[in-house]
Amino acid sequence: MEVNGKSEQHVNDQETQPVSTLPDAPAHCPGVKSADAGKASPCAGCPNQKVCASGQASQNVENDLNDLKEKLAEVQFKVLVMSGKGGVGKSTVTAALSRYLASDGESQVGVVDLDICGPSLATMFHAEDQSVHESNDSWCPVVVDENLYLMSVWFLLSSPDDAVVWRGPRKNGLIKQFLSKVKWDYLDYMVVDTPPGTSDEHLSVTQLLHQSVGVNAVILVTTPQEVSLLDVRKQITFCRKMKLPILGVVENMASFSCPNCSQQTEIFPATTGGAKKMCEEMGVDFLGSIPLDPTIGKACDTGSQIDSPASNDTIAFIASVLRKASQAIKDTES
C-alpha cells in the first residue's frame, strides 16, 4: 500500500528509526546509528551515504541528543497536547492548562507552540506584539507572565498574514531549535502544543524528547462526533507505538448551554458514544468535558483568562493529575 508515495512499511519504519536530522532518507533507511548506515542496499544513491558510512551522521545525532539533555536538564515535567484531528481545541486546552498551572504564582511553566503552519497561542496569550530576543547562541522565550513563558513561530514572522510554506526537514529543524536553542532554564512544566496528525512534527518532537529527556504525559483532545474520534484513535495507536504515556482524553465542545434558558444542546452529537465510550474501548482515562461556550471563544480571541465554570473544573482536574504525577517523579528521584 502506498501512503503519500511511500510504502506503508516505510511509514511504519519511520516510527522506530533513531532521530535523524538528515533529509531525503530513502525507504527502509537503516538509520544513522545502525551498523549498516551508509552500507545497506537502500543507501545506494542516497545523498547522505558518505556521511553515514563515515560515522559522522551518527556522531551528529549523538551530539544533538546530548545538547538537548543539557538544555532541558532543568525541565521537570514534559507534557504533549495531541489529537490527530485539527480544530478540536488543542491550543485552547494548552493555553487554559498552562495558565492554570502557573496560577499558583510559584510553578514555572513553559509553552512550546509546535503548530508551525497555524500558530495561535500568541493570540491566546495576548502576546502578538512581543518578539523573541537572542542572547549569545540562545533565544529567550516571550514572557507572558512572571512565571509563564511562550515560544512560537509567530514571533519569527514578519507579518501575521505570512504563510509558513516549509517542507518537513525545515520544520523538523525549527522544532529542534525550539527545544535546544531556547533558553528555558528551570521549568516545573513544559507544555507542548502539537499540530494535527501523526507525521513529521510529531515524530520529531517525540523522538527528540524520548531519546534525550523523555516525555512524562500526553493529553489527547477530541470533540464528541465520530469523525473526530476516528483520528484520535489513530493518535492513541501512535502514542502506544512510540511508547508515550497517555494521561487521558479531554472532550471539547461537548455541549452547548443556552445563555437564555440554560437548555443543553449537543451541537456535535456523540453518535458512537463520544469520548467517554471511546476511552472505555481503547483503555485510556477520560479526563472530562469542556462545553461549547461562547465565553471560551471570546477569551481565546482576546488573550484573556477563560472563565467558564465547567471548563475550569475540567482544567483544574487535569492540572491536579499532572501535579500528582510530577510529584511522584520527584519523590522517586529524591
**Request:** With the side chain counted from C-beta on, respond yes when Phe155 and Asp129 share a heavy-atom pair under 4.5 Å apart, and no when they do not.
**Result:** no
**Asked** Any side-chain donor-acceptor pair under 3.5 Å between Ser228 and Thr222?
**Response** yes
**Prompt:** Would you call Phe286 and Met278 a side-chain contact if the rule is heavy atoms closer than 4.5 Å?
**Reply:** no
Report, one line per pair, each donor and acceptor closer than 3.5 Å where one atom sits in a side chain of residues 320-328; sequence neighbours left out.
| unit_1 | atom_1 | unit_2 | atom_2 | d |
| --- | --- | --- | --- | --- |
| Ser320 | OG | Phe317 | O | 2.6 |
| Arg323 | NH2 | Leu101 | O | 3.3 |
| Gln327 | NE2 | Asp331 | OD1 | 2.8 |

**Complete:** Sorted by chain and residue number, the side-chain hydrogen bond (donor to acceptor under 3.5 Å, both in side chains) partners of Asp113 (sequence neighbours excluded) come out as Ser152
**Message:** Quick one, Leu247 and Ile318 - any side-chain contact, counting heavy atoms below 4.5 Å?
**Reply:** yes
**Prompt:** Under the side-chain contact (heavy atoms from CB on, under 4.5 Å) test, which residues partner Lys50, sequence neighbours left out?
**Reply:** none
**With sequence neighbours excluded, residues passing side-chain contact (heavy atoms from CB on, under 4.5 Å) with Met253** = Thr223, Phe268, Leu292
**Asked** For residues 258-270, which residue pairs qualify under salt bridge (charged side-chain N to carboxylate O under 4.0 Å, His left out), counting only residues two or more places apart or in two chains?
**Response** none
**Message:** Checking Glu62 now: which residues fulfil side-chain hydrogen bond (donor to acceptor under 3.5 Å, both in side chains) with it, not counting sequence neighbours?
**Reply:** Lys33
**Residues which pass salt bridge (charged side-chain N to carboxylate O under 4.0 Å, His left out) with Asp185, listed by chain and number, not counting sequence neighbours** = Lys183
**Complete:** Those residues at least two apart in sequence (or on a different chain) that pass side-chain contact (heavy atoms from CB on, under 4.5 Å) with Asp188 are Ser107, Gln108, Tyr186, Lys330
**Partners meeting side-chain contact (heavy atoms from CB on, under 4.5 Å) with Asp67 (sequence neighbours left out)** = Lys71, Ser180
**Request:** Answer with yes or no whether the side chains of Asn63 and Gln59 bring together a donor and an acceptor at under 3.5 Å.
**Result:** yes
**Item:** Residues which pass salt bridge (charged side-chain N to carboxylate O under 4.0 Å, His left out) with Glu106, listed by chain and number, not counting sequence neighbours
**Value:** none
**Message:** Tell me every residue that passes salt bridge (charged side-chain N to carboxylate O under 4.0 Å, His left out) with Lys276, counting only those two or more places apart in sequence or in another chain.
**Reply:** none
**Request:** Would you please name every residue forming a salt bridge (charged side-chain N to carboxylate O under 4.0 Å, His left out) with Asp313, sequence neighbours left out?
**Result:** none
**Message:** Check whether Thr265 reaches the backbone of Ile267 with its side chain - one donor and one acceptor, N or O, closer than 3.5 Å.
**Reply:** no
